[in-house]
Amino acid sequence: MAADYADYHTHLARCRHATGTAEDIVWAAQEAGLEGVGISDHLPLLPHPDPDLAMEPDELGDYVAEVLALKALHPGFVLLGIEADYFPGRQADIAGLLDSQPFDYVIGSVHYLDGWGFDNPANLAGFQGRDIDDIYRVYYETVGDAAETGLFTIIGHLDLVKKFGHRPVGNLSPALDRLMYRLSRARVLLEINTAGLRKPVREIYPQLEVLTRARKAGIGITFGSDAHHPSEVGRDFAVAGRLARDAGYTSRAVLQPRAGSGRAEVGYVGLRR
Ligand code: ZN
Ligand code: FE
Ligand code: FE
Ligand code: ZN
């Protein structure tokens, strides 16, 4: 089962809210029988609204060295990734950091809307007094902006707003149609992220209806556990695979590192039943 997948979304203790080293993640991935694993800890970007979200900037070099050593030990199995927050207006700073290291791929994630860290349980009160549909619309617009920067390989946890169970009330179809058009034109991949199953919403990101739209728009998919502990690597990938097939997907994207520098090449392989 698990050998049919690579897990491209994993975190390390360096970000201060996860457990384990890159080596622990690689062992866990081997034990889970995955075909590959990407390490994608949070990119430090200062000033960052939450100091406990990412490693310090001066740790970035150590992080990269730690993962590159494992990549050399396990060629073709380990990839050097990073999860980067998209903050409107900070594109040049993000690009500068991303260009400073030989990342195989970058997960682009939106965790903040106008400085509000909406996926942090400490900021739950921010949902009160706001129109939930507006939150979704602004979020999807921001994700579209992120994709169009060209900085990101994969869009992370696409419908993260639902994390605590907040669902749209009205018709978000036009907003989603527009988003899918933008994602497909930007040629980014979409992540099926199983962490939602471990959150109050108890549902994979993105949900079936959103994923089906992505498939119709021709957007490729990857799989990610968003592990913040080695035991979560590859978690619930059979469920994620079923969701992908239910959405009509017959293939998934595979990242192949380039010799030398530059982002990985994207290939596609069949999704097995
Ligand atoms: Zn995290
Ligand atoms: Fe994230
Ligand atoms: Fe993550
Ligand atoms: Zn994440």
Side-chain angles (χ1 to χ4, degrees), residues 9-20 40-56 82-90 94 107-147 152 154-173 175-176 179 190-211 214 224-229 231-232 235-236 239-240 243:
H9 196 151
T10 63
H11 292 278
L12 309 180
R14 285 182 187 280
C15 69
R16 289 195 213 82
H17 62 271
T19 308
S40 62
D41 213 358
H42 299 283
L43 182 76
L45 189 68
L46 295 181
H48 198 286
D50 183 354
D52 287 328
L53 188 77
M55 67 187 98
E56 293 293 327
I82 194 91
E83 177 177 17
D85 278 277
Y86 171 68
F87 295 109
R90 301 214 50 200
I94 303 167
I107 299 175
S109 295
V110 173
H111 306 100
Y112 293 88
L113 296 175
D114 252 328
W116 171 41
F118 64 85
D119 77 321
N120 184 338
N123 303 329
L124 252 176
F127 280 96
Q128 288 162 23
R130 292 187 209 220
D131 183 294
I132 187 63
D133 292 351
D134 282 347
I135 296 174
Y136 270 95
R137 278 192 203 98
V138 172
Y139 170 77
Y140 284 143
E141 263 317 282
T142 310
V143 171
D145 293 345
F152 309 117
I154 302 169
I155 292 296
H157 40 65
L158 180 65
D159 55 3
L160 184 62
V161 175
K162 76 180 178 189
K163 178 172 177 177
F164 304 108
H166 299 91
R167 304 288 189 174
V169 179
N171 177 17
L172 280 195
S173 242
L176 275 170
L179 174 65
L190 194 61
E191 164 188 82
I192 301 187
N193 182 313
T194 59
L197 290 170
R198 313 191 290 274
K199 298 296 187 305
V201 69
R202 303 218 167 265
E203 187 181 281
I204 286 174
Y205 311 109
Q207 68 183 78
L208 179 62
E209 190 229 332
V210 174
L211 194 58
S225 65
D226 214 339
H228 280 69
H229 187 281
S231 67
E232 293 169 349
R235 183 77 69 87
D236 294 316
V239 183
L243 182 73

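The structure displayed is predicted, hence computed values, not measured ones. Numbers here are sequence positions counted from 1. The figures here come from the full heavy-atom set of this structure, side chains too, leaving out hydrogens, waters and symmetry mates.
A distance below 6.0 Å separates the ring centres of H157 and H111.
To the nearest 0.5 Å, the span separating CZ on R90 from CG on L46 amounts to 7.5 Å. Note that the CG atom of D159 and the OH atom of Y140 stand 5.0 Å from one another [nearest 0.5 Å]. Note that CG of D145 and CZ of F87 are 14.5 Å apart. Values are rounded to the nearest 0.5 Å.
For the pair V239/T194, no side-chain contact is recorded, criterion being any heavy-atom separation below 4.5 Å from C-beta on. Between Q207 and R167 the shortest side-chain heavy-atom distance falls below 4.5 Å. Between P44 and E56, the closest side-chain pair of non-hydrogen atoms is not below 4.5 Å. At least one side-chain heavy atom of D85 sits less than 4.5 Å from a side-chain heavy atom of L53.
With sequence neighbours excluded, the residues satisfying ring pair (Phe, Tyr, Trp, His ring centres under 6.0 Å) with F127 are W116, H166. By the side-chain contact (heavy atoms from CB on, under 4.5 Å) test, L208 is found to be paired with T212, L243, D246, A247, residues two or more places apart in sequence or in another chain being considered.
Side chain of S225 to backbone of R235: no donor-acceptor contact under 3.5 angstrom is found. Side chain of Y112 to main chain of Y86: no donor-acceptor pair is present (N/O by atom type, distance under 3.5 Å, no hydrogens or angles). A donor-acceptor pair under 3.5 Å is formed between the side chain of H17 and the backbone N or O of D52. Formation of a donor-acceptor pair under 3.5 Å by the T19 side chain with backbone atoms of A13 is not found in this model.
Closest of all the heavy-atom pairs between G156 and S109 is CA-OG, 3.9 Å. The minimum heavy-atom distance linking D41 with R14 is given by the pair OD2-CB, 3.5 Å.
Listed by first and then second residue, the side-chain hydrogen bond (donor to acceptor under 3.5 Å, both in side chains) pairs that reach into residues 118-135 are D134-R137, sequence neighbours excluded.
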